[in-house]
> 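Pasting in a structure now, in structure tokens, and then I'll have a few things to ask.
Reminder, nothing fancy here: chain letters follow the sequence lines and each chain counts from 1. Side-chain atoms are counted along with the backbone in the values below, which use heavy atoms only and exclude waters and symmetry mates. Just so we're clear, the structure is a prediction, and the values are computed from it rather than from any experiment.
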Number of protein chains: 2
Amino acid sequence: MPDVVGPRNTPTDQSPRKKGWRKAEIIDMAALCFMERGYHATSVDEVADRLGCTKGRIYHYYASKIDLFFDVHREGMKKLFEAIEPAMKTTGDGLTVLHAMLMAHAKAMLEHHTFENVVAQGVQIHRFDATTEDQRQTMKLLIDSRDRFEGFFKDQIAAAIADKTLRDMDVSVTAKVLLGALQWSIFWYRARPDETVAEREELARKMVEPLIDGLRRN
Amino acid sequence: MPDVVGPRNTPTDQSPRKKGWRKAEIIDMAALCFMERGYHATSVDEVADRLGCTKGRIYHYYASKIDLFFDVHREGMKKLFEAIEPAMKTTGDGLTVLHAMLMAHAKAMLEHHTFENVVAQGVQIHRFDATTEDQRQTMKLLIDSRDRFEGFFKDQIAAAIADKTLRDMDVSVTAKVLLGALQWSIFWYRARPDETVAEREELARKMVEPLIDGLRRN
DNA sequence: GTCTATATGGTGATAGAC
DNA sequence: GTCTATCACCATATAGAC
């Protein structure tokens, strides 16, 4: 990975050698547009314009706008799962593993904020937008994957309470609060073009630290 | 306040005796629709339908859909400011006041989640949606009010660091993390029709406690 | 595989009757 | 103050040329 990352953070691989790069290119641009203006306010024409083509190309790869949205959402979830996987495999007491997971998640939210912004929009895109049975099925799978992701954190919180490295607290509410604290960054964080990986890691640390240690001194 | 609150949480006063109740009725329904489907996906026709009237009525009170959105947003911010005001006036060390502010904010986010969901949408509704100069001016004021609100928390965090009741931490990032932790509830919280005020207060406590004390035992 | 042209439907907003 | 009727526009999606 290069030391300096641009505003189009970690796009899916677009190198023309790889098969599927055309689709990846569309997904990346759709993610950017959906983040900037929101799914419903973004027209397929706009995505095409910014790709320097017409919507004919997009409709060659995607049957509908919502199917394109689904691919962006799927990609966003994939990045989230991949990010916390190494942390979940580390050995250590319950809190240490949870800390590692939170750090990995914070970094992923910053690095992929374009995609994760779109994932958050998925919460209020529902049955009304998915017309075919296939689309409703896909939507259900994406919702399931979001729940599964939160489940990993709930399980780890429960484990850490069990091994007494965590205070006793409401597992479900705490998971939502912790994830929300990091995920809210979709609203305020935008990558500076010249931002280094080290700077981003430092920001993630500043985000996670108050959650682990709390606010109270002593 | 009644002990049991319905799903239409604390609507603005609609009693037909008060002047402006027609507008308030429209604002409340718009907030509900915008929350459920999002601003852009909601049609003026839909708001009117659910009010049992036609959009002729709405356009009698509002020049455009975005102006209606602005009123919902304004109302949402008003509720937030009013909620933390008493907490800000309490006496006590820096952390005690901050704790009171966070509890008040958490309760307000739950109580008014319909309106606060719309406020969050305001982040990505921008110049493109505001066409007239008047609308751009209004938008600027709403953005300013969001910043001012966050500023209250930043100031209090700084004060608490100064009086040494808080660890030394990044004021700006910590403010965003704390507020985000509570505000993310717009995505997962929906009022149960039979939910009591006491239950909601208990939920707010479960949200704020891990932030104050941190996760680490000891 | 990509383009142009177009069908089709919905949405914001207005005019004018009542 | 509210309704009906309608206009103008824009967006999704398709058909067929190249």
> Using whole Å, what does the distance between atom P of nucleotide C:dT11 and atom CG of B:Asp49 come to?
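In whole Å, C:dT11 P and B:Asp49 CG are 11 Å from each other.
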> In whole angstrom, give the distance that lies between atom CG of A:Asp67 and atom P of D:dA13.
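Rounding to the nearest Å, CG of A:Asp67 and P of D:dA13 are 8 Å apart.
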> Examine distances only and state if a side-chain atom of A:Gln121 and a backbone atom of A:Tyr39 form a donor-acceptor pair shorter than 3.5 Å.
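Between the backbone of A:Tyr39 and the side chain of A:Gln121 there is a qualifying donor-acceptor contact (under 3.5 Å).
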> Just call it for A:Ser43: base, sugar-phosphate, or nothing, with non-hydrogen atoms closer than 4.0 Å on any strand.
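The residue A:Ser43 makes sugar-phosphate contact but no base contact.
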> Does the side chain of A:Tyr61 get closer than 4.0 angstrom to OP1 or OP2 of C:dT2 through an N or O atom?
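For C:dT2, OP1/OP2 do have a side-chain N/O of A:Tyr61 under 4.0 Å.
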> If you only use heavy atoms from C-beta on, which nucleotide in D:dT12, C:dA13, D:dC3 is closest to the side chain of B:Ser64?
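Closest nucleotide to the B:Ser64 side chain: C:dA13.
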> Expressed as a whole number of angstroms, how long is the span from B:Leu51:CG to D:dC3:P?
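So the two atoms are 10 Å apart, to the nearest Å.
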> Go nucleotide by nucleotide along DNA chain D from the 5' end; which of B:Cys53 and A:Lys65 gets its closest nucleotide reached first?
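In this pair, the answer is B:Cys53.
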> So which pairs with a foot in residues 35-44 of chain B pass salt bridge (Lys or Arg N to Asp or Glu O under 4.0 Å), sequence neighbours left out?
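Checked against salt bridge (Lys or Arg N to Asp or Glu O under 4.0 Å) - neighbours excluded - the pairs reaching residues 35-44 of chain B are B:Glu36-B:Arg50, B:Arg37-B:Glu46.
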> If the cut-off is 4.0 Å, is B:His60 near the phosphate of D:dG1, judged by side-chain N/O to OP1 or OP2?
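Indeed, a polar side-chain atom of B:His60 lies that close.
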> Could you walk me through whether B:Arg192 and B:Glu199 pass salt bridge (Lys or Arg N to Asp or Glu O under 4.0 Å), step by step?
CA-CA 10 Å; B:Arg192 286 205 337 273; B:Glu199 283 174 325; 3.4 Å; yes
> Can you check the B:Lys19 NZ to D:dG1 P distance for me, whole Å?
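Rounded to whole Å, this separation is 12 Å.
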> Would you say C:dA13 has OP1 or OP2 under 4.0 Å from some side-chain N or O of B:Tyr62?
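No, B:Tyr62 has no side-chain N/O under 4.0 Å of OP1/OP2 on C:dA13.
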> Could you state the CD1-P distance from A:Ile66 to D:dA13, rounded to the nearest angstrom?
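It works out to 9 Å between those atoms.
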> Could you check how far CD of A:Gln135 sits from C1' of D:dA13, rounded to whole Å?
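My rounded result for the distance is 12 Å.
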> Backbone N or O of B:Thr131 within a donor-acceptor pair of the B:Gln135 side chain at under 3.5 Å?
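Yes; judged by distance alone, with no hydrogens or angles, the pair exists.
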> How long is the line joining NE2 of B:His40 and C1' of D:dA11, in whole Å?
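So the NE2-C1' distance, B:His40 to D:dA11, works out to 13 Å.
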> With sugar-phosphate meaning primed atoms plus P, OP1 and OP2, does B:Thr42 contact a base, only sugar-phosphate, or nothing at under 4.0 Å between heavy atoms?
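Sugar-phosphate contact only.
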> Between D:dT4, C:dT14, D:dT12, spot the one nearest the side chain of B:Thr54, thanks.
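Looking only at heavy atoms from C-beta outward on B:Thr54, the closest nucleotide is D:dT4.
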> From C-beta outward on A:Lys55, which listed nucleotide comes closest to its side chain: D:dA13, D:dT2, C:dT14?
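The answer is D:dA13, which lies nearest to the side chain.
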> With the threshold set at 4.0 Å, does a side-chain nitrogen-carboxylate oxygen contact exist between B:Glu201 and B:Arg205?
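Here B:Glu201 does not pair with B:Arg205 in a salt bridge, since their nearest N and O are not under 4.0 Å apart.
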> Give the nucleotide from the list C:dA13, D:dT12, C:dT2 with an atom nearest to the side chain of B:Tyr59.
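Between C:dA13, D:dT12, C:dT2, the one nearest the side chain of B:Tyr59 would be C:dA13.
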> Could you work out which one of D:dT2, C:dA13, C:dC3 sits closest to the side chain of B:Arg22?
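The listed nucleotide nearest to B:Arg22's side chain is D:dT2.
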> How many Å lie between CZ on B:Arg57 and C1' on C:dA15, as a whole number?
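Rounded to the whole Å, the gap is 20 Å.
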